[in-house]
S.K.: 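My structure is below; once you've seen it, I'll send some questions.
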Amino acid sequence: MTDRDDISTLARANVRELTPYQSARRLGGNGDVWLNANEYPQAPHFELTAQTFNRYPECQPKQVITRYAAYAGLRPEQVLVSRGADEGIELLIRAFCEPGRDAVLYCPPTYGMYGVSAETFGVERRTVPARRDWQLDLPAIAQSLDGVKLVYICSPNNPTGNLIDPATLREVLEMTRGRAIVAIDEAYIEFCPQASVTGWLAEYPHLAVLRTLSKAFALAGLRCGFTLANEALITLLLKVIAPYPLSTPVADIAAQALSGQGIAAMRAHVAGILESRAWLVQALQQCDGVEQVFASESNYVLARFTDSATVFKSLWDQGIILRDQNKQPGLAGCLRITVGTPDECRRVIDALRALPAAAAPLNSPSKEPM
């Protein structure tokens, strides 16, 4: 191939230099215990009821919007549905950020798609590292807001699992009035619903809340997410969204998941995950080689290991796939473990017990996960 045939030279410079987001599936692995993507460990059962595959779907399927609005305690005009919350992240950049001029701000360690999406659109990525307790550094944020049009905050935060203090969230919203949109990512909010900020929308016209059916609703493969905001903001996002963001089968299943029966099933999923999480945290705390297990308000647990590389590879070789967080700021030695089924949680602990560094007997937890 000659230089004239190298089509990469035709690509935008920022795309040529872009490091794509390393999703769990891109990282690969060959296992039977997948605990690296914060998915629900068992597949729910749905049957398609829609048959109008010869027609284009609605841009914003009415039944999905109406049911999610009722679930979130909002009006339908305050809800936009998209291909996962990841599309919501991008729509905000498209609507509010001028490439080459504006910036987005986020606080690592946090979800990697904020930065990847900004870079894809040629928008500056500005980071303000979180404090050691993973709360936001308010003075540093205030000093970094010049030119920022969009602030992303993840709460519960991925991968640390902690909630951002609500008083801190309010301070960020106050300091950004008239300056920037604040997008609070609530992908994991079903595991701590009392912490949602959707009730604040009436106070803050520049607030957007990102949600998803991927986690507690057990529908990661569906790719269905939501942006919740005031009507004026939703109207702007509707200008830049694709004509048919949700396929007919996706809208069909999403509507079923948001029925009364579907929401009850989700809450049962959450209750089971919380019980298994408590067992997993207790068991991890008793494993040799585990330096710290961090409190979590989500469906995953972050732990720091004395030798995380050995732990990660040993479990990988046994078909137990975790998520390595060593490259995230402040997370040296840390692995993130999705809360799986009770049997999967036991397999993690059994594998850790069998490691040479963890050979000493454990003080067994009082009971197995239910």
Side-chain angles (χ1 to χ4, degrees), residues 14-15 18-26 37-39 60 68 72 78-99 102-128 130 136 141 148-160 164 169 172-173 176 180-189 196-198 201 204 206-215 217 219-220 222-230 233-242 245-246 250 254 298 328:
N14 65 303
V15 173
L18 178 68
T19 300
Y21 179 70
Q22 296 301 301
S23 68
R25 296 301 171 261
R26 276 192 169 184
N38 301 339
E39 302 150 320
Q60 294 291 289
Y68 200 89
Q78 295 177 285
V79 178
L80 179 137
V81 64
S82 60
R83 290 168 289 197
D86 286 334
E87 186 176 26
I89 291 169
E90 293 197 350
L91 290 173
L92 289 164
I93 296 174
R94 285 191 221 167
F96 291 99
C97 297
E98 290 282 357
D102 295 330
V104 304
L105 184 149
Y106 53 97
C107 302
T110 194
Y111 184 42
M113 276 304 296
Y114 309 138
V116 170
S117 295
E119 191 172 5
T120 299
F121 287 103
V123 172
E124 179 190 346
R125 300 170 297 161
R126 193 170 300 172
T127 60
V128 175
L136 304 184
I141 290 174
V148 169
K149 275 286 190 70
L150 183 54
V151 178
Y152 290 108
I153 301 171
C154 192
S155 182
N157 187 44
N158 178 14
T160 57
I164 304 302
L169 294 177
V172 173
L173 285 161
T176 53
I181 302 299
V182 176
I184 299 182
D185 188 339
E186 292 188 346
Y188 300 92
I189 201 64
S196 177
V197 299
T198 53
L201 287 173
Y204 299 108
H206 60 305
L207 170 62
V209 179
L210 297 167
R211 295 279 192 88
T212 184
L213 299 186
S214 294
K215 310 304 179 183
F217 282 90
L219 289 171
L222 199 66
R223 307 309 303 129
C224 184
F226 298 87
T227 302
L228 313 178
N230 290 299
L233 197 156
I234 296 296
T235 298
L236 288 168
L237 298 185
L238 284 168
K239 291 186 175 185
V240 296
I241 198 169
L246 258 63
V250 169
S298 57
Q328 285 259 32

S.K.: Compare all side-chain heavy atoms of L233 with those of L92 and state whether any distance is below 4.5 angstrom.
M.R.: yes
S.K.: Please tell me if the side chains of V151 and I153 come closer than 4.5 Å, counting only heavy atoms from C-beta onward.
M.R.: yes
S.K.: Return yes if a side-chain donor-acceptor contact under 3.5 Å exists between R211 and Y68, otherwise no.
M.R.: yes
S.K.: For C154 and N158, work out which heavy atoms get closest and say how close.
M.R.: SG-N, 3.5 Å
S.K.: Strictly distance-based, threshold 3.5 Å: is any side-chain N or O of H206 a donor or acceptor partner for the main-chain N or O of V182?
M.R.: no
S.K.: So which atom in P109 and which in Q328 form the shortest heavy-atom distance, rounded to 0.1 Å?
M.R.: CA-OE1, 3.4 Å
S.K.: Counting N and O atoms only, with roles assigned by atom type, does the side chain of T110 sit under 3.5 Å from a partner on the main chain of C107, one being a donor and the other an acceptor?
M.R.: no
S.K.: Got a sec, which residues hit side chain to side chain contact (heavy atoms under 4.5 Å, CB included) with A95, two or more places apart in sequence or on another chain?
M.R.: L237, V240
S.K.: Let me confirm one number: the CD1-CG distance from I164 to L136, rounded to the nearest 0.5 Å.
M.R.: 4.5 Å
S.K.: What is the distance from atom CZ of R83 to atom CG of L222, rounded to the nearest 0.5 Å?
M.R.: 13.0 Å
S.K.: Work out which heavy atom in I241 is nearest to a heavy atom in S82; give both atom names and the distance.
M.R.: CD1-CB, 4.4 Å
S.K.: When you look at T160 and N157, which way does the side-chain contact (heavy atoms from CB on, under 4.5 Å) test go after all the steps?
M.R.: CA-CA 6 Å; T160 57; N157 187 44; 2.9 Å; yes
S.K.: Listed by chain and number, what are the side chain to side chain contact (heavy atoms under 4.5 Å, CB included) partners of T127, not counting sequence neighbours?
M.R.: Y106, P108
S.K.: Provide the closest heavy-atom pair for T198 versus A72 in the form atom of the first, atom of the second, distance.
M.R.: OG1-O, 4.1 Å
S.K.: Would you say the side chain of R126 lies within less than 4.5 Å of the side chain of V104, judging by non-hydrogen atoms?
M.R.: no
S.K.: Quick one: pull up CD in E119 and CD in E124 and give me the separation to the nearest 0.5 Å.
M.R.: 11.5 Å
S.K.: Report the residues that fulfil side chain to side chain contact (heavy atoms under 4.5 Å, CB included) with S214, sequence neighbours left out, ordered by chain and then residue number.
M.R.: T212, A220, R223
S.K.: Does the pair L150 and I93 meet the rule for a side-chain contact (heavy atoms from CB on, under 4.5 Å), with working shown?
M.R.: CA-CA 7 Å; L150 183 54; I93 296 174; 3.7 Å; yes
S.K.: Indicate yes or no: at least one non-hydrogen side-chain atom of L91 is less than 4.5 angstrom from one of L80.
M.R.: yes
S.K.: Can you find a heavy atom in the side chain of L210 that is under 4.5 Å from one in the side chain of I89?
M.R.: yes
S.K.: Just wondering, do D102 and F121 contact through their side chains at under 4.5 Å, heavy atoms?
M.R.: no
S.K.: I need the F226 CZ to E87 CD distance, nearest 0.5 Å.
M.R.: 12.0 Å
S.K.: Are V81 and L246 packed together at the side-chain level, in the sense that at least one heavy-atom pair is separated by less than 4.5 angstrom?
M.R.: yes
S.K.: Mark yes or no for whether N230, through its side chain, and L201, through its backbone, hold a donor-acceptor pair below 3.5 Å.
M.R.: yes
S.K.: Looking at G88, is its backbone amide N or carbonyl O close enough to the side chain of T227 to form a donor-acceptor pair, meaning the two atoms are under 3.5 Å apart?
M.R.: no
S.K.: Given V79 and I234, is the side-chain contact (heavy atoms from CB on, under 4.5 Å) satisfied, shown in steps?
M.R.: CA-CA 7 Å; V79 178; I234 296 296; over 6 Å; no
S.K.: What is the minimum heavy-atom distance between E186 and S196, and which atoms define it?
M.R.: OE1-OG, 2.9 Å
S.K.: For C97 versus P99, what's the shortest heavy-atom pair and its separation?
M.R.: O-CD, 3.4 Å
S.K.: Indicate yes or no: at least one non-hydrogen side-chain atom of N38 is less than 4.5 angstrom from one of K215.
M.R.: yes
S.K.: Can a side-chain donor-acceptor contact be found between D185 and Y114 if the only test is distance below 3.5 angstrom?
M.R.: yes
